[in-house]
Amino acid sequence: MKPENLLNQLSDLEDSLNNFSFEELTATEAKRLKTSFDSFKEQLETKIFGPEPESTFSEETKNGNPSNIEESEALVSEPIVTDPENGKIDLNPALEDCMGDISVLRELIRLYHQNALEFIGKVKIGLEQEDLTEIRNAAHKIKCGLAMMHTHRLHFIVEQMHNNCRTTRDIEHLHRLYECFVKRYLVVAKAMQTEMKRLETS
Amino acid sequence: MINKTILLAEDDELLASLLLYRLEKAGHKVTLVYDGKQVKSSLAEGMPDIIVSDIMMPYFSGIELIDYVRNELNSMVPIIIISSAGNEENVLSAFELGANDFIAKPVSPSELLVRVNRELQKA
């Protein structure tokens, strides 16, 4: 397609937006529209400006986390038994955020698990359909909660998935990161349960 | 600084629950909404003393929200934006459109409370 044709089509689209009311959209339609728009925007930007520079990727993975692909690979292949989050989870910082109210912490943990399971489901479907936008959105959504509950390894894996969707777009590596997330999440969930019991009885 | 009304717009339920708890515990009256449609409905019912909003929300982004409040509703109500790291461009746009402050995710509830009270004192 020639640039002027694309510009004309975009201009027509812009005109027709005047008659469009987002309030009539259902949540599913809005999500599909947003996904489709994100994908178009990304493709157009890549065509015009080229792929995003590698430096963005490195910049986003600092803050004490492994900062390059080799380290990301190392994390995936690392035996889970060496993970510091395996045997122990420290929920004290989260409990402090809840001002010591254990019932609030319990609710946060319920939401944490709900988000994690939702993430696992979405990424599974995203991987099956090779829908990187869906995976990227799911990763973006869960990141904050993982960081809030101080599950840093899980947060790091999700950060890698998010970056992968934006930069290298390597489906195979995404599969490995996903499997790594699921395995580690199960261990973290168990450790969290143990820590909650300890806090409730202390 | 108690009994102020806060509109909290955040689609992450986990973060929203924690912030709601802390803000209410501090004595504020908080209306929690999860998307842009609910933001508009809530604003139609009345203007809060302060708005705290995520930058990325379904239907209506935090950026659109600032534009809507400042230019369509002509209100100077303080607005604090919540944003993920790596979203600096959007944060700059938010400030250009009239956001008063921003806080990065993961949000510390105590820090947000300080920022909310500071903006309320200024207003």
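Chain identifiers are assigned alphabetically (A, B, ...) following the order of the sequence lines, protein sequences preceding nucleic acid strands; residue numbering begins at 1 within each chain.
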**Study point:** Validation row, ring centre A:His152 to ring centre A:His150 under 6.0 Å
**Key:** yes
Point to revise | A:Arg136 side-chain N/O to A:Cys165 backbone N/O, donor-acceptor pair under 3.5 Å | key: no
Exercise for review: Please tell me if the side chains of A:Leu146 and A:Phe119 come closer than 4.5 Å, counting only heavy atoms from C-beta onward.
Suggested key: no
Practice item. Could you look at A:Asn115 and say if it's the side chain, the backbone, both or neither that has a heavy atom under 4.5 Å from chain B? Key: side chain
Study note, to complete from the structure: Interface check, chain A: of B:Leu15, B:Asp12, B:Leu18, most non-hydrogen pairs under 4.5 Å belong to B:Leu18
**Study point:** chain B contact via A:Glu96 - side chain, backbone, both or neither, heavy atoms under 4.5 Å
**Key:** backbone
Review point. Would you call B:Arg70 and B:Ile79 a side-chain contact if the rule is heavy atoms closer than 4.5 Å?
Key: yes
